[in-house]
There are 2 protein chains.
Amino acid sequence: MNAASSKSGSAKRGRKFDSLEQEVFLNLWRTYDRLKALEDEMFSQSGISAQQYNTLRLLRSVYPAGMPTLVLGSRLISRAPDMTRLLDKLEQRGLLVRHRPPENRRVVEVRLTPEGLQLVNKLDSAVRKCHEQQLGHLEEKSLQQLALLLKAARQPHEDSENLSLVDQ
Amino acid sequence: MNAASSKSGSAKRGRKFDSLEQEVFLNLWRTYDRLKALEDEMFSQSGISAQQYNTLRLLRSVYPAGMPTLVLGSRLISRAPDMTRLLDKLEQRGLLVRHRPPENRRVVEVRLTPEGLQLVNKLDSAVRKCHEQQLGHLEEKSLQQLALLLKAARQPHEDSENLSLVDQ
DNA sequence: GCAAGACAGTTGTCTTGACGTTTATTGTTT
DNA sequence: AAACAATAAACGTCAAGACAACTGTCTTGC
């Protein structure tokens with residue numbers, strides 16, 4: 001079936017991987033896992049999760065306007081199937097408010113409160129420092145190339161409709 | 001504080017990212033999430049999770065010998081804090097066996113059964129096809145470069161003691 | 001040889017993620 | 001206008017991940 005595809009079938013790589021594609025994916029997984037561990041540790045000191053932070057950051061980008069729940073969910077970096085409960089917690093802490101506009105009571109508009117805005121602003125420097133710790137050892141050229149390759153890697157698997165923060 | 005670091009402080013990138021490092025990490029997250037979705041879908045048809053598959057794959061690499069639980073856990077691609085329960089499920093399905101060697105009853109040796117070996121062998125082609133679908137659109141040169149950059153990105157954050165399958 | 005400490009797994013508990021179902025609201029059809 | 005389908009969000013449930021505390025097993029020092 002793939003005798004013709006010399007690319008992934010080259011017998012030179014004998015050792016641990018069935019294919020170059022597998023090697024790349026496992027490296028992606030491992031690297032994500034290691035870097036996420038650093039981020040998790042940073043966020044745990046702030047009492048907020050990475051998902052929650054990204055939610056607040058996204059809401060800040062339209063502040064003081066709001067955003068419907070589903071739009072918010074589709075624009076997050078990683079898909080979150082239970083937006084409702086994630087927003088519940090942030091609302092309980094007074095970081096955002098929800099309300100149903102009378103002209104279309106199906107949607108729920110989510111807006112950052114001044115307290116939420118203040119918190120996400122306060123976290124910025126810690127987040128930047130964390131990213132610096134994660135990847136600061138790489139040269140600028142490598143970072144740019146890595147970003148490009150990662151975008152190219154997922155490009156065929158993006159819904160063309162829902163573009164997230166990281167898409168151009 | 002970082003007026004001197006012209007690298008991440010360059011004002012040219014205004015739009016969405018505080019720094020190049022952040023852009024790379026968010027791209028890493030997003031790309032991992034998208035590619036993992038494909039893998040999850042493939043595995044859901046096999047009634048086994050990616051973590052479980054990697055556990056079996058790792059055990060195959062030493063078959064017919066076994067491996068202590070903790071060593072197994074530290075060599076997985078992503079850390080799994082509840083090895084016990086993960087192994088419980090695989091043992092219940094008859095894919096592996098555990099036993100405590102009398103000379104050191106603290107450790108638990110985990111070994112693949114012939115059934116487990118057969119299953120992981122059967123899954124190989126589906127897994128390879130999935131990785132091909134994930135990343136087959138990239139050229140070999142890009143894939144090699146991506147693997148190199150990913151390794152370099154996590155390198156300072158690896159325990160030098162516990163090297164996983166994806167480390168050289 | 002016995003108590004203190006280290007080590008390897010296990011168990012309990014709480015939080016998230018995943019996935020299907022339900023409710024409320026609106027638009028459409030007849 | 002009533003019935004029907006669609007959409008948006010909420011809810012219920014179950015499995016996975018995270019974290020802490022605990023049990024059983026060596027090892028070491030007195």
Side-chain angles (χ1 to χ4, degrees), chain A residues 29 32-34 36-55 66-93 96-111 161-162, chain B residues 29 32-34 36-55 66-93 96-111 161-162:
Chain A
W29 189 3
Y32 167 73
D33 191 75
R34 293 293 132 142
K36 186 171 93 81
L38 292 177
E39 215 199 14
D40 282 350
E41 192 191 338
M42 187 270 299
F43 276 122
S44 76
Q45 296 168 358
S46 317
I48 210 173
S49 74
Q51 270 291 26
Q52 291 177 327
Y53 172 74
N54 271 298
T55 304
M67 196 181 279
T69 302
L70 274 193
V71 175
L72 189 52
S74 72
R75 296 225 180 130
L76 284 178
I77 310 294
S78 84
R79 75 227 123 95
D82 56 347
M83 264 294 114
T84 300
R85 277 172 281 223
L86 192 156
L87 294 177
D88 282 347
K89 273 162 212 141
L90 294 175
E91 188 179 29
Q92 279 164 26
R93 293 172 59 173
L96 52 82
V97 290
R98 292 191 268 197
H99 91 287
R100 292 185 182 264
E103 66 274 15
N104 185 353
R105 289 185 42 76
R106 282 179 302 188
V107 309
V108 171
E109 280 276 327
V110 185
R111 253 181 335 104
E161 325 254 325
N162 296 331
Chain B
W29 190 2
Y32 167 74
D33 191 76
R34 294 292 133 144
K36 185 171 94 80
L38 292 176
E39 215 199 17
D40 283 348
E41 193 190 338
M42 186 270 298
F43 276 122
S44 75
Q45 296 168 359
S46 317
I48 208 174
S49 74
Q51 267 298 19
Q52 290 176 328
Y53 171 75
N54 272 300
T55 304
M67 196 181 279
T69 302
L70 275 194
V71 175
L72 188 52
S74 72
R75 295 223 181 133
L76 284 178
I77 310 294
S78 85
R79 74 229 125 93
D82 56 347
M83 263 295 114
T84 300
R85 277 171 282 224
L86 192 155
L87 294 177
D88 282 347
K89 272 162 213 141
L90 295 175
E91 189 178 28
Q92 280 165 26
R93 293 173 59 173
L96 52 82
V97 288
R98 293 190 268 197
H99 92 286
R100 292 184 182 266
E103 67 273 17
N104 184 355
R105 289 186 41 76
R106 281 178 302 187
V107 309
V108 171
E109 280 275 327
V110 184
R111 250 180 339 103
E161 326 254 325
N162 297 330

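Remember, predicted model here, so these are calculated numbers, not experimental data. Each chain gets a letter, A, B and so on, in the order its sequence line appears, and its residues count up from 1.
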Next on the checklist: Quick check: do Thr69(B) and Thr84(B) have side-chain heavy atoms less than 4.5 Å from each other?
Outcome noted: no
Checklist outcome for this item: When rounded to whole Å, the CZ to P distance for the pair Arg98(B) and dG9(C) reads 10 Å
Next on the checklist: If you define the side chain from C-beta out and look only at heavy atoms, does anything of Leu87(B) sit under 4.5 Å from Thr55(B)?
Outcome noted: yes
Item to check | 5'-most by nearest nucleotide on DNA chain C - Arg79(A) or Leu70(B) | outcome: Leu70(B)
Item to check | Neighbours of DNA chain D within residues 83-91 of chain A, by heavy-atom distance under 4.0 Å | outcome: Thr84(A), Arg85(A)
Checklist entry - Are Val110(A) and Leu90(A) close enough that some pair of their side-chain heavy atoms sits under 4.5 Å apart? => result no
Next on the checklist: Quick one: does any side-chain atom of Asp33(A) pair with a main-chain N or O of Trp29(A) as donor and acceptor, under 3.5 Å?
Outcome noted: no
Item to check | Gap between atoms CG and P, on Asp40(A) and dT16(C) respectively (whole Å) | outcome: 11 Å
Checklist entry - How are the rings of Tyr53(A) and Phe43(A) set relative to one another: parallel (under 30°), tilted (30 to 60°) or perpendicular (over 60°)? => result tilted
Item to check | For atom CD of Glu39(B) and atom C1' of dA18(C), their distance in whole Å | outcome: 16 Å
Item to check | Pairs involving residues 37-50 of chain B, ordered by first then second residue, that meet side chain to side chain donor-acceptor pair (under 3.5 Å) (sequence neighbours left out) | outcome: Lys36(B)-Asp40(B)
Could you go through nucleotides 23-26 of chain C and list every protein N or O atom that sits under 3.5 Å from one of its N or O atoms, giving the distance for each pair?
residue	atom	partner	partner atom	Å
dT25(C)	OP1	Arg105(A)	NH2	3.0
dT26(C)	OP1	Arg105(A)	N	2.9

Checklist entry - So, the side chain of Glu109(B) versus the backbone of Met67(B): is there a donor-acceptor pair under 3.5 Å, distance only? => result yes
Checklist outcome for this item: Across all chains, not counting sequence neighbours, the side-chain contact (heavy atoms from CB on, under 4.5 Å) partners of Pro81(B) are none
Checklist entry - Nearest nucleotide by nearest heavy atom, which residue falls closer to the 5' end of DNA chain C, Pro81(B) or Gln52(A)? => result Pro81(B)
Item to check | Minimal non-hydrogen separation, Ser78(B) against Gln51(B), with atom names | outcome: OG-NE2, 2.8 Å
Item to check | Interatomic distance, Met67(B) CE vs dA8(C) P [rounded to whole Å] | outcome: 15 Å
Item to check | Those residues that, when tested against Arg106(A), pass side-chain contact (heavy atoms from CB on, under 4.5 Å) (two or more places apart) | outcome: Asn104(A)
Checklist entry - 5' to 3' on DNA chain D, which nucleotides open and close the contacts with chain B (atom under 4.0 Å from a heavy atom)? => result dA16(D) to dC26(D)
Next on the checklist: Can a donor-acceptor pair be found, under 3.5 Å and without considering hydrogens, that links the side chain of Arg111(A) to the backbone of Gly66(A)?
Outcome noted: no
